[in-house]
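The block underneath contains the structure these notes are about, expressed in structure tokens.
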Amino acid sequence: MKNIAILGGRLIDPLNNTDQIADLYLAGGKIVGVGAAPAGFVADETIDASGLLVCPGLVDLAARLREPGFEYKATLASEMAAAVAGGVTSIVCPPDTDPPLDEPSLVTMLRQRAKNLDLARLYPVGALSRQLKGEELTEMAELRDAGCVAFSQGDQPISDLQIMYRAMQYAATFGAELRLRAQDAGLGKGVAHDGDYATRLGLTGIPVLAETVAISNILLLMKETGARVHLCRLSSMAGLDLVRKAKKQGLPVTCDVSINHVHLADVDIGFFDSNFRFDPPLRSVRDRDAIVAALADGTIDAICSDHSPVDDDGKLLPFAEAESGATGLELLLPLTLAWAERQHISLPQALAKITAVPAKMLGFAAGLEVGHRADMVIFDPEAHWQVTPAALKSQGKNTPFVGMEMKGRVVHTLVKGKRVYQLAD
């Protein structure tokens, strides 16, 4: 590993809520000096960060890498390259691959492939039930030993509450976390938010009730079992109100939101634009504004990209038939910066939602302190760039932000003290 000196950068440390201009020194994959080099330090490589911001690498709590099974949509190599181009150094991948991550050997294989690529760190989430069918629980303890950080059904809800109850009991016995999509299986059969806009377009609606019923059941089961649950990609004001109350009662519940839902609402669908097809669906402007407020007051713990690359065959279809999802790894940083600027939120507070907070959920500290891992992103907060297929390294080129101008561009990404991405001149 090289000794690297990062000179003259503006260091944003969300973990300690600090913002300062200082030099940073890396050796052995860790930070060894802030402000001044340690005794005997000799730099093998120097990065001039003057005019740039330096912060811990982004931690994305939900990014589908499509491998194994969906390589026609994306590959591990293409999406890991997209991750580091977006400043994402740690990726949590859901278990809904083909086959699903329900066997330790599959988890081991995926982790080894990611290790061989030597780009971002990979944190697999194990399948909660075999084949994600919601009928028979997996051997969670064995999956945990293979490297799974939590357990999930992906986007497949468990309709049998007895199975969910047993899953929470099992997980609670060894302190495992469940990551659950809050959507009732019966009420969630639609393609858009159940509101006036979907009615005018003739689209089948998914009511907010689909989310609140599921959250209510999950919270009741949590109280009974003592299980830890992270609610993935909440979308409604009513759902967030339930989580807010649960947190005040001391329940061990956390939650995240997709960056898409921070910026977009159902009215943005326009004339059946399938790039705006998401699961959960984009909800009303009122719900979007509630998400923004919940980010500010701490109800929502983290922001994720909800990266879901889709091929053209899956998107070039009528809205109701199109596959949900969009590429997001390379947009997480600029869209978070845009939210912070619009809401007048400080950079340490905003970046905490995509660095320090999700890192803590994964069991490590993401800060710019001596002894911390040397995973970081160096970016130009004033750089403007346009979202085009050619500008994205992800194999998935579909995004509702295509053609839009972004502010904030990654210049360097480092993982384990090694530069894994550099913006081309």
Side-chain angles (χ1 to χ4, degrees), residues 58-64 73-74 79 82-83 86-88 91-92 94 154-155 181-183 188 190-193 195 197-198 203 206 208 211 231-237 239-240 255-270 272-295 300-310 314-315 319 322-343 350 353-354 358 387 392 394 396-408:
L58 277 53
V59 180
D60 195 341
L61 288 178
R64 288 168 179 79
K73 298 179 183 179
E79 303 320 289
V88 178
I91 301 173
V92 177
D155 285 336
R181 266 293 316 286
Q183 184 160 295
V191 299
H193 169 61
Y197 199 73
L203 298 173
I206 300 176
V208 166
E211 184 165 282
L231 295 171
C232 304
R233 291 169 287 142
L234 294 184
S235 66
S236 70
M237 180 172 67
L240 290 167
C255 66
D256 65 48
V257 65
S258 156
I259 192 62
N260 302 299
H261 289 70
V262 176
H263 289 277
L264 304 172
D266 60 349
V267 294
D268 294 309
I269 292 172
F272 302 101
D273 189 341
S274 61
N275 282 323
F276 292 81
R277 172 83 193 274
F278 289 101
D279 189 11
L282 297 173
R283 296 207 179 272
S284 69
V285 171
R286 186 183 181 199
D287 290 307
R288 183 199 61 197
D289 292 345
I291 286 171
V292 171
L295 279 168
I300 297 175
D301 299 275
I303 302 172
C304 68
S305 73
D306 191 23
H307 178 73
S308 304
V310 179
K315 278 294 183 184
F319 188 91
E323 188 174 344
S324 63
T327 189
L329 281 167
E330 295 160 87
L331 302 178
L332 180 58
L333 177 61
L335 289 174
T336 299
L337 296 175
W339 157 68
E341 183 175 20
R342 189 178 302 122
Q343 299 300 319
K353 300 290 186 181
I354 53 175
V387 181
L392 298 173
S394 171
K397 307 299 182 183
N398 298 100
T399 167
F401 300 99
V402 67
M404 295 186 185
E405 187 175 88
M406 295 287 151
K407 184 181 176 184

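Predicted model, so just to flag it, every value in this text is computed and none were measured.
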Next item on the list: Could you tell me which non-hydrogen atom of C304 sits nearest to which non-hydrogen atom of D256, and how far apart they are?
Entry: SG-OD1, 3.9 Å
Checklist line | Spacing of L58 atom CG and I354 atom CD1 [to the nearest 0.5 Å] | finding: 4.0 Å
Check: Of the non-hydrogen atoms in H193 and L282, which two are nearest, and what is the gap between them?
Finding: CB-O, 3.2 Å
Check: Distance from H307 atom NE2 to D60 atom CG, nearest 0.5 Å?
Finding: 8.5 Å
Item checked: Nearest-0.5 Å distance that lies between atom CD1 in I303 and atom OG in S258 -> 9.5 Å
Notebook entry, point to check: Looking at side-chain heavy atoms only, is the closest gap between L234 and I300 below 4.5 Å?
Noted result: no
Notebook entry, point to check: Applying salt bridge (Lys or Arg N to Asp or Glu O under 4.0 Å), which residue pairs with at least one partner in residues 326-340 are found, sequence neighbours left out?
Noted result: none
Margin query: Could you report the tightest heavy-atom contact between L329 and A63, atom names first, then the distance?
Written below: CD2-CB, 4.0 Å
Margin query: Can you list everything that forms a side chain to side chain contact (heavy atoms under 4.5 Å, CB included) with P280? Sequence neighbours excluded, please.
Written below: R181, Q183, R233, S235, H261
Notebook entry, point to check: Of all residues at least two apart in sequence or in a different chain, which pass the side chain to side chain donor-acceptor pair (under 3.5 Å) check with T336?
Noted result: none
Note to self: Distance check, rounded to the nearest 0.5 Å: I259 atom CD1 versus L264 atom CG?
What the structure shows: 9.5 Å
Item checked: Qualifying residues under salt bridge (Lys or Arg N to Asp or Glu O under 4.0 Å), relative to K73, sequence neighbours excluded -> E323
Check: Within a strict 4.5 Å, meaning less than it, do heavy atoms of the Q343 and L295 side chains meet?
Finding: no
Note to self: Suppose we screen for side chain to side chain contact (heavy atoms under 4.5 Å, CB included). Which residues come up paired with P94, at least two apart in sequence or across chains?
What the structure shows: R64, D96
Item checked: Partner set under side chain to side chain contact (heavy atoms under 4.5 Å, CB included) for E341, not counting sequence neighbours -> K407
Note to self: According to side chain to side chain donor-acceptor pair (under 3.5 Å), who are the partners of D266, at least two apart in sequence or on a separate chain?
What the structure shows: none
Next item on the list: Provide the closest heavy-atom pair for G239 versus E211 in the form atom of the first, atom of the second, distance.
Entry: CA-OE2, 4.0 Å
Notebook entry, point to check: How long is the gap from CZ on F276 to CG on N260, to the nearest 0.5 Å?
Noted result: 9.5 Å
Notebook entry, point to check: Distance from R283 atom CZ to I206 atom CD1, nearest 0.5 Å?
Noted result: 6.5 Å
Next item on the list: For residues R277 and I269, determine if any side-chain heavy atom of one lies less than 4.5 Å from a side-chain heavy atom of the other.
Entry: no
Next item on the list: Identify, with sequence neighbours excluded, every residue that meets side chain to side chain donor-acceptor pair (under 3.5 Å) alongside T399.
Entry: none
Notebook entry, point to check: Quick one: salt bridge (Lys or Arg N to Asp or Glu O under 4.0 Å) partners of D301, sequence neighbours excluded?
Noted result: K247
Checklist line | Least distance between heavy atoms, H263 atom then W339 atom | finding: CE1-N, 3.8 Å
Next item on the list: Output all residues satisfying salt bridge (Lys or Arg N to Asp or Glu O under 4.0 Å) with R288, sequence neighbours left out; order by chain, then residue number.
Entry: none
Notebook entry, point to check: Can you name the closest pair of heavy atoms from F319 and V191 and give their distance?
Noted result: CE2-O, 3.5 Å
Margin query: Once side chain to side chain donor-acceptor pair (under 3.5 Å) is applied, do any residues pair with R286, and if so which ones, sequence neighbours excluded?
Written below: none
Notebook entry, point to check: For A326, what residues pass the side chain to side chain contact (heavy atoms under 4.5 Å, CB included) criterion, not counting sequence neighbours?
Noted result: F278, P400
